S.K.: 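Quick one: the structure is below, and I'll ask about it shortly.
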Amino acid sequence: MNEQRKLASPLQALLILLLAAAATAFFFITRPDRQDGAVAVITVKGRVVKEVSLSAAEDELITLDNGVVIEFTDGKIGFKESGCPDKICIRTGMLSKVGESAACVPEGTVISIEGKAPDIDIISY
Amino acid sequence: MNFRKASALILTALCLLLLLNCCTVPTKSRSYQKSDIAMGSAVSVKLYALGDADTEQVAQQMITKIKQLDTLISKNDENAFLYSLNQKSGQTLETDPELIDYIIKTKEVYALSDSKLSVTSGALTELWGFDTDNFRLPEEAEIKKAIPFCSDEGLTVSKKNLTVFVPEGGIINLGSVGKGIACDKAVECFNYSSQSCQGAVISVGGSIAVIGSHDKKQDWTVGIRNPFGEVNDYFGTLTVSGTGFVSTSGSYEKSFNLDGKSYHHILDLTTGYPVETELVSVSVKADSGLLSDALSTMCFVLGEEKSKDILNRYNAQAVFVYKDKSVSVTDGIKDAFKIVNGEFKPI
């Protein structure tokens, strides 16, 4: 039959295009990316124990297994309580920008804000 | 439309999806960050890569290397090579070639300090408790007694025989260069890795190494800490192209107050007391982490004028910050350095 030799009818061509568009959209939606939101990553002795999106709406008090308490309020995060002697971690204050970090060396705990396109790459101190 | 045609369409769509995933991913740089505690400070490494380089593996290797370094150059860890070397002062001992190398290089830099700094500074730093964070103000007699043990004059190191002789009572202390050496180790890891990463940013307790580049911009921006603020507060930025090392020494770090007087951790070994200076911090950019660490300490101790020739000699640049918030930078980074906090004024 003549019809069978045609590669695709206009309707089929349209369907292919639609599916291609859907595939493209699917790709961009499912691609893992942190581009849009800074995330606070909490590590204890090098292991990630929790991640908190700074755009999360709910405030939170996080008590880690080592007794360290971390506060998340209004998109900012920082050490609230720690058993360390010097309290440098708490003095560091609240973090909100990509690239910032706070550490409690005696408790082996680090909070670092990760994400895309920081103003600066790192701070020398 | 029959079933066969429908499946052909779905297949086409799937192929397109696959094609898109294959073509799009490699053009976008990925990053991977890891934080840990090592050498008594916070360590962070961030890797950038195109394609399928295993950034996580490289990051892990860097951290492992840095932790291993602790067991080589730690003065206080009983399992460390340096610890056992110090325990047997007064004898010629064979030791690790890497440790020998660090001692020689550091000694060489500090030889330009008019005896104000040395590798054998342990007798005084231990007296003040700066190595263990148990700060105390020593008696004057204790300080006078410790000063002679802090000279590098009697320290003999042989690269050929791999031996070190520490005069009796002397204590080698690589604390002022340890974080920089850790940065060097991380960079070594990056360079010899089978994974072809594109760039990396490393911080070992605030001593910085940057390597390669990002995806979007070629240069790195390193913030310089505001000496009057906390860790994340920076007053200026330094642009670094490609690979570079930046370290900062400041009187805000490891200090304590007693009877209204403030004592910081950077000692002048000729007096045995913290250096008296109008400087609050010095940041140095150099060709290695060991150098940026050693030179930032030395510039802080010697002051701006005496530092200039030494910086030139090592092809290094510096940012000097004074108590009155005036800031002076060496000619080589005049264009790369920017003040971003209005309270600070360029000289």
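Here is the naming used below: chain letters follow the sequence lines, and residue numbers restart at 1 for every chain. Treat the numbers as computed from the prediction; the structure is a model and nothing was measured.
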S.K.: If I compare all heavy atoms of B:Asp36 with all of A:Gly46, which pair ends up nearest, and what's the gap?
M.R.: OD1-N, 3.1 Å
S.K.: Select one option (side chain, backbone, both, neither) describing which atoms of B:Thr237 are under 4.5 Å from chain A's heavy atoms.
M.R.: side chain
S.K.: Calculate, to the nearest 0.5 Å, the distance between atoms NZ and CG belonging to B:Lys254 and A:Asp86 respectively.
M.R.: 10.5 Å
S.K.: Check whether more than 12 heavy atoms from other residues, nucleotides or ligands sit under 6.0 Å from atom CG of A:Asp65, and answer yes or no.
M.R.: no
S.K.: Can you give me the closest heavy-atom contact between B:Ser203 and A:Ile122, atom names plus distance?
M.R.: CB-CD1, 3.7 Å
S.K.: Count the heavy atoms of every other residue, nucleotide or ligand shown that sit under 6.0 Å from CG of B:Asn341, and state whether that count exceeds 12.
M.R.: yes
S.K.: Heavy-atom distance under 4.5 Å to chain B: side chain of A:Leu18, backbone, both or neither?
M.R.: neither
S.K.: What is the minimum heavy-atom distance between A:Glu114 and B:Gln33, and which atoms define it?
M.R.: CG-OE1, 3.1 Å
S.K.: A side-chain contact here means heavy atoms from C-beta on lying under 4.5 Å apart; do B:Val210 and A:Asp121 qualify?
M.R.: no
S.K.: Can you name the closest pair of heavy atoms from B:Tyr252 and A:Tyr125 and give their distance?
M.R.: OH-C, 3.5 Å
S.K.: Would you give the length of the straight line joining atom OG1 of A:Thr43 to atom CD1 of B:Ile37, rounded to the nearest 0.5 angstrom?
M.R.: 7.0 Å
S.K.: Sort B:Val246 into side chain, backbone, both or neither according to what part of it lies under 4.5 angstrom from a heavy atom of chain A.
M.R.: both
S.K.: With a sphere of 6.0 Å drawn around NZ of B:Lys67, does it hold more than 12 non-hydrogen atoms of other residues, nucleotides or ligands?
M.R.: yes
S.K.: When heavy-atom pairs shorter than 4.5 Å are enumerated against chain A, which of B:Lys46, B:Lys34, B:Arg225, B:Gln60 gives the highest number?
M.R.: B:Arg225
S.K.: Short question: side chain of A:Ser124, backbone of B:Gly206 - any donor-acceptor pair under 3.5 Å?
M.R.: yes
S.K.: Decide if atom NZ of A:Lys87 counts as having more than 12 heavy atoms of other residues, nucleotides or ligands within a radius under 6.0 Å.
M.R.: yes
S.K.: Please classify the contact of B:Ser44 with chain A as side chain, backbone, both or neither, using a heavy-atom distance under 4.5 Å.
M.R.: side chain
S.K.: Please tell me if the side chains of A:Thr92 and B:Asn232 come closer than 4.5 Å, counting only heavy atoms from C-beta onward.
M.R.: yes
